[in-house]
S.K.: 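Take a look at this one; I'll ask things after.
In this text the structure is predicted, and so the values were computed from the model without any measurement. Letters A, B, ... mirror the listed sequences (proteins, then strands); counts begin at 1. Both backbone and side-chain heavy atoms feed into the values below; hydrogens, waters and symmetry mates do not.
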There are 2 protein chains.
Amino acid sequence: MEKSTKVRLIDAAAALIDAGGARAVTLRAVAQAVGVSHNAPYKHFKDRDAILSAVAERDFHTLEALFDRALRDSPEPETALRHAIADYIAYGRSHPGRYRLLFSDPEMVVPGGALEVAAMCALKSLTALVEAFQVAGRAAHLPTRQLTALLYATLHGLVDIELGQRARPEKGLGDITVVADLLVELLRPAQGLRQ
Amino acid sequence: MEKSTKVRLIDAAAALIDAGGARAVTLRAVAQAVGVSHNAPYKHFKDRDAILSAVAERDFHTLEALFDRALRDSPEPETALRHAIADYIAYGRSHPGRYRLLFSDPEMVVPGGALEVAAMCALKSLTALVEAFQVAGRAAHLPTRQLTALLYATLHGLVDIELGQRARPEKGLGDITVVADLLVELLRPAQGLRQ
DNA sequence: ACCTGAACACCGTTCAAGT
DNA sequence: ACCTGAACACCGTTCAAGT
């Protein structure tokens with residue numbers, strides 16, 4: 001089964017981002033990679049932002065799958081959460097340019113569009129992880145929405161600051177996986193017995 | 001005392017970002033706002049990234065001052081921290097384009113350069129806030145570095161996700177000030193008596 | 001030391017035309 | 001329905017020249 005030109009354009013854009021960041025995504029470079037003329041992309045996307053948006057949309061679905069898999073593969077909710085956190089950070093580190101795209105440039109978001117839907121799906125899957133964690137007795141007294149938001153923001157903040165390179169790792173946040181684990185630790189005591 | 005052309009260029013770039021986002025910062029627009037020819041900026045900055053970097057550098061110093069002021073003005077460290085959090089969020093909301101610039105586009109960072117120094121100064125001031133909080137007995141058993149990183153990442157993540165507009169506020173994280181306060185609450189019980 | 005004007009290569013976008 | 005080639009306006013950057 002053949003890939004459509006549209007899908008191949010998204011593939012090419014994603015590859016260009018991985019190779020040289022979002023700046024490397026010019027319509028000409030994308031088109032050339034697929035083997036069409038430099039303005040053929042306009043038959044599939046409204047403009048350059050729409051191509052970037054399509055890449056981000058796909059990556060949100062990858063994150064959603066990542067959260068779903070963590071919940072499915074670990075019987076223990078806390079383990080599932082820790083795996084999800086580790087995978088999320090690993091994903092950001094291995095695709096810095098594309099990770100960046102997920103939350104940057106609000107101009108490429110059309111309200112109610114596919115990107116917003118994909119972002120909400122990812123958030124929903126993370127919420128399921130947090131819910132399982134709470135059902136198991138951890139931080140059970142906290143509102144799920146707020147707890148999910150706290151985890152999501154911390155995770156994103158850690159990855160985003162690290163990728164931003166405003167500080168050498170050792171002088172800045174240190175190892176961000178340790179910091180993410182710290183948050184999980186802070187949520188543990190609420191499970192009845194406090195150490 | 002006259003402002004130098006260089007400072008006026010930074011002022012103009014900051015104003016353009018506030019008005020239309022980083023995309024609106026073209027060398028021609030910046031130069032025109034200051035009243036010089038479109039390539040005069042090259043006498044003061046290496047390239048366009050260097051101008052954006054100068055704006056971000058200044059904003060990091062603003063954040064540093066914000067943290068310092070919070071610590072100075074509140075006798076109670078927890079109150080100081082809460083004020084700092086509220087001010088940080090308010091700052092991001094009132095200058096979304098410039099806030100974005102603080103951690104985005106690593107290509108505009110020169111290692112060891114002024115932007116990195118400014119970012120570290122802001123982090124240091126936040127660390128002082130966290131230290132005062134810990135001296136007062138809150139979360140005293142946790143490593144300061146990790147605790148600061150956790151707070152910084154959460155704060156940045158909350159603001160960045162909200163500004164990214166990937167979700168309607170009510171369907172997404174909810175009110176991010178509430179989430180930030182939740183983190184502070186989580187750090188309280190560690191002060192001896194646990195509720 | 002600081003600025004200007006012209007020029008170059010590159011880019012997003014549009015349009016008329018082709019199959 | 002999908003693509004092409006030419007064209008336009010705009011932009012970052014460079015350079016030779018001016019004071």
S.K.: Shortest non-hydrogen contact from Ala56(A) to Leu102(A)?
M.R.: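 Answer, listing the atom of Ala56(A) first, then Leu102(A): O-CD2, 3.5 Å.
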
S.K.: To the nearest Å, how far apart are Lys6(A) NZ and dA1(D) P?
M.R.: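 Atom-to-atom, Lys6(A) to dA1(D), this comes out as 15 Å.
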
S.K.: Using whole Å, what does the distance between atom P of nucleotide dC2(D) and atom CZ of Arg8(A) come to?
M.R.: 14 Å

S.K.: Below 4.5 Å, heavy atoms only, C-beta onward: do Val178(B) and Leu182(B) meet side chain to side chain?
M.R.: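 Sidechains of Leu182(B) and Val178(B): no contact.
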
S.K.: Out of curiosity, Thr177(A) OG1 to Arg82(A) CZ, how far, rounded to the nearest 0.5 Å?
M.R.: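 Rounded to the nearest 0.5 Å, the OG1-CZ separation comes to 11.0 Å.
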
S.K.: State, with a plain yes or no, whether a side-chain heavy atom of His83(B) is found less than 4.5 Å away from one of Phe67(B).
M.R.: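 In short, these two side chains do not touch, never coming nearer than 4.5 Å.
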
S.K.: What is the separation between atom CD on Gln32(A) and atom P on dG5(D), rounded to the nearest whole Å?
M.R.: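 Those two atoms, CD and P, are 13 Å apart.
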
S.K.: Just distance, no hydrogens or angles: give the donor-acceptor pairs under 3.5 Å from side chains in residues 104-114 of chain A, sequence neighbours left out.
M.R.:
| residue | atom | partner | partner atom | Å |
| --- | --- | --- | --- | --- |
| Ser104(A) | OG | Arg100(A) | O | 3.1 |
| Asp105(A) | OD1 | Arg23(B) | NH1 | 3.1 |

S.K.: Protein within reach of the bases, or only the backbone? For nucleotides 10-19 of chain D, mark each nucleotide 5' to 3' as B, S or -, using heavy atoms under 4.0 Å.
M.R.: -BBBBB----

S.K.: Taking Watson-Crick and G-U wobble pairs with both distances under 3.5 Å, convert DNA chain D into its dot-bracket string, 5' to 3', dots for unpaired and | for cross-strand pairs.
M.R.: ||.|||||...|||||.||

S.K.: Could you tell me how the ring of His156(A) sits relative to the ring of Phe103(A): parallel (under 30°), tilted (30 to 60°) or perpendicular (over 60°)?
M.R.: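 Rings of His156(A) and Phe103(A): tilted, as their planes differ by 30° to 60°.
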
S.K.: Quick one: CD on Glu64(B) to CZ on Arg69(B), what's the gap to the nearest 0.5 Å?
M.R.: 11.5 Å

S.K.: Taking C-beta and beyond as the side chain, do Ile10(B) and Phe45(B) meet within less than 4.5 Å on heavy atoms?
M.R.: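 Yes, close enough: below the 4.5 Å cut-off.
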
